[in-house]
Amino acid sequence: MKYHKIKRGFFISRPNRFLANVMLDGEIEVCHVKNTGRCKELLIEGAIVFLEKSKNPNRKTKYDLIAVYKGDKLVNIDSQAPNKVVQEYLPEIFKDIVCIRPETKYKNSRFDFYVETKQNKIFIEVKGVTLEDNGVVRFPDAPTERGLKHIQELIACKKEGYQAYIIFVVQMEDVTYFEPNLQAQPEFARELYVAKKSGVEILCFCCRVTPDSLEIYQKVPCKIELLNL
């Protein structure tokens, strides 16, 4: 996926989860943050950030904050981007696709994708990952009841004969492996373990990141069975 009209700035502060103050061209610009997660290890004062200018001239904020440098690693923090890159990448995961339907309801959940191939009917939930420590990436960075519900519903899908997938999209390059964030939410880690044992497929991919693009390029090992649950 591609972004347009990108500008480089310096992060100053985040008054709330939706807004950030950024030094842009020598002036402070209030920007929309396209990620409601904490991102505390990323959005630190002085960090180099990249902004995309909004196409809506009537919007209160002119720019969206989409990426930030963590040391020499560029991290995309656009929470809408993982779904977009997965949709582009689906033909690499599944052969003979005959149908892709985003935002499809199943019982009490709305999954990111419903896919049909000539052989299978598949529900997919996508999660973006921005939390990294020495090459290890983890999800979630804060407790997510919605995430728990999605896992439980995917287990139900599998029991009813559907194929079920959780795809974690690591919004950065060069990581070692993925694991659930046991410290942030033990319940999520436990449910993910149960899902795997129930036949839900768990995939993780990292991305090539530039200031104006994001692209899935490599599968990342998932270490779920090694957790002491």
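Because the structure is predicted, anything quoted here is derived from the model rather than measured.
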Report task. Please assess Val85 against Glu215 for the test side-chain contact (heavy atoms from CB on, under 4.5 Å), listing each intermediate value before the final yes or no. Result -> CA-CA 6 Å; Val85 295; Glu215 177 187 18; 5.8 Å; no

Query - Full working for side-chain contact (heavy atoms from CB on, under 4.5 Å) between Val209 and Val75 - result: CA-CA 7 Å; Val209 185; Val75 182; over 6 Å; no

Report task. Dump the intermediate steps for salt bridge (Lys or Arg N to Asp or Glu O under 4.0 Å) on Arg138 and Glu179, then the final yes or no. Result -> CA-CA 5 Å; Arg138 299 182 177 95; Glu179 66 181 13; 2.7 Å; yes

Report task. Take Leu24 and Leu51 through the test side-chain contact (heavy atoms from CB on, under 4.5 Å) and record every step on the way to the result. Result -> CA-CA 9 Å; Leu24 184 66; Leu51 315 173; 3.9 Å; yes

Report task. Would you please test Lys223 and Phe178 for side-chain contact (heavy atoms from CB on, under 4.5 Å) and show each step? Result -> CA-CA 6 Å; Lys223 292 195 175 183; Phe178 167 85; over 6 Å; no

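Other residues, nucleotides and ligands place no more than 12 heavy atoms under 6.0 Å from the NZ atom of Lys53. Crowding of Glu103 atom CD: a count of heavy atoms from other residues, nucleotides or ligands under 6.0 Å exceeding 12.
Val129 and Val86 fall into different hydrophobic clusters, defined by Ile, Leu, Val, Met, Phe, Trp and Tyr side-chain heavy atoms under 4.5 Å apart, directly or through other members. The hydrophobic clustering, which links ILVMFWY residues whose side-chain heavy atoms are closer than 4.5 Å, places Phe139 and Val194 together. If you chain together hydrophobic residues whose side chains sit under 4.5 Å apart, Ile48 and Met172 never meet in one group. Under the 4.5 Å side-chain heavy-atom criterion for ILVMFWY residues, a single connected hydrophobic cluster contains both Tyr63 and Leu42. Put simply, Ile167 and Val220 are part of two different groups of oily side chains (I, L, V, M, F, W, Y) that touch within less than 4.5 Å, one to the next.
Under a 3.5 Å cut-off, the side chain of Thr117 and the backbone N or O of Lys95 do not form any donor-acceptor pair. A distance-only check finds a donor-acceptor pair linking the side chain of Gln171 to the backbone of Asp78 [under 3.5 Å]. Side-chain N or O atoms of Arg14 include one that pairs as donor or acceptor with a backbone N or O of Arg17 at under 3.5 Å. In terms of modelled atom types and a separation under 3.5 Å, the side chain of Ser13 and the main chain of Pro15 share no donor-acceptor contact. Asn35 contributes a side-chain N or O that, together with a main-chain N or O of Ile77, makes up a donor-acceptor pair within less than 3.5 Å.
Taken from CZ in Phe168 to CD1 in Ile202, the straight-line distance is 6.5 Å, to the nearest 0.5 Å. The distance from atom CD1 of Ile66 to atom OG of Ser213, rounded to the nearest 0.5 Å, is 9.0 Å. Summarising the geometry, atom CD1 belonging to Ile216 is positioned 10.0 Å from atom CD belonging to Glu92; distances are rounded to the nearest 0.5 Å. Expressed to the nearest 0.5 Å, how far CG of Asn76 lies from SG of Cys207 amounts to 7.5 Å. For the atom pair CG (Leu43) and CG (Leu65), the distance works out to 6.0 Å, reported to the nearest 0.5 Å. One distance of note links OG1 of Thr104 with CD1 of Ile122; it measures 12.0 Å at 0.5 Å rounding.
Sorted by first then second residue, the side chain to side chain donor-acceptor pair (under 3.5 Å) pairs that include residues 128-137, not counting sequence neighbours, are Lys70-Glu132. For the ring-ring contact (aromatic ring centres under 6.0 Å, His included) condition, the pairs that include at least one residue of residues 113-135, sequence neighbours left out, are Tyr106-Phe123, Phe111-Phe123, Tyr114-Phe123, Phe123-Tyr162. Sorted by first then second residue, the ring-ring contact (aromatic ring centres under 6.0 Å, His included) pairs that include residues 17-37, not counting sequence neighbours, number zero. Contacts classified as ring-ring contact (aromatic ring centres under 6.0 Å, His included) and involving residues 74-94 (residues at least two apart or in different chains) are given here: Tyr89-Phe205, Phe94-Tyr165.
Inter-residue side-chain proximity for Val30 and Asn21 is flagged as met; some heavy-atom pair is nearer than 4.5 Å. When side chains are defined from C-beta on, Leu148 counts as touching Gln185, because their heavy atoms get closer than 4.5 Å. For the pair Thr176/Val137, no side-chain contact is recorded, criterion being any heavy-atom separation below 4.5 Å from C-beta on. Two residues are said to be in side-chain contact when any heavy atoms from C-beta on lie closer than 4.5 Å; Val33 and Leu19 fail this criterion. Contact of the Pro140 side chain with the Phe188 side chain is registered, since non-hydrogen atoms from C-beta on lie closer than 4.5 Å. Contact check for Ile166 versus Leu203: no side-chain heavy atoms found under the 4.5 Å cut-off. Contact of the Ile44 side chain with the Phe11 side chain is not registered, since no non-hydrogen atoms from C-beta on lie closer than 4.5 Å.
The minimum heavy-atom distance between Pro180 and Ile224, with the atom names listed, is CD-CG1, 4.1 Å. Residues Gln87 and Pro102 come closest through the heavy atom pair NE2-CG, 4.1 Å. Scanning both residues, Arg208 and Glu173, for their nearest heavy atoms gives CA-OE2, 3.5 Å. Nearest heavy atom pair, residue Leu214 against residue Ala81, reads CD2-CB, 3.6 Å. Across all their heavy atoms, Cys206 and Val175 have their closest contact at CB-CG2, 4.2 Å. Shortest non-hydrogen contact noted between Ile97 and Leu90 is CD1-O, 3.7 Å.
For the salt bridge (Lys or Arg N to Asp or Glu O under 4.0 Å) test, residues two or more places apart in sequence or in another chain that qualify with Glu125 are Lys127. Listed by chain and number, the residues in a salt bridge (Lys or Arg N to Asp or Glu O under 4.0 Å) with Glu160 are Lys107 (sequence neighbours excluded). Judged as a side-chain contact (heavy atoms from CB on, under 4.5 Å), and not counting sequence neighbours, the contacts of Pro211 are Ile6, Phe50, Leu74. Contacts of Asn56 classified as side-chain contact (heavy atoms from CB on, under 4.5 Å), with partners at least two apart in sequence or in another chain: Ser54, Asn58, Arg59. In this view, Lys2 and Asp212 satisfy the salt bridge (Lys or Arg N to Asp or Glu O under 4.0 Å) rule, not counting sequence neighbours. Under the side-chain contact (heavy atoms from CB on, under 4.5 Å) criterion, Ala195 pairs with Ile151, Ile155, Val200, sequence neighbours left out. Gln183 meets the side-chain contact (heavy atoms from CB on, under 4.5 Å) test with Asn181; sequence neighbours excluded. Applying the salt bridge (Lys or Arg N to Asp or Glu O under 4.0 Å) criterion to Lys62, with sequence neighbours excluded, gives no partner residue.
Ionic pairing of Asp25 and Lys7 is present here: one or more N-O contacts between side-chain nitrogen and carboxylate oxygen are shorter than 4.0 angstrom.
Looking only at atom types and distance, the side chain of Asp64 has no donor-acceptor partner in the side chain of Tyr3 under 3.5 Å away.
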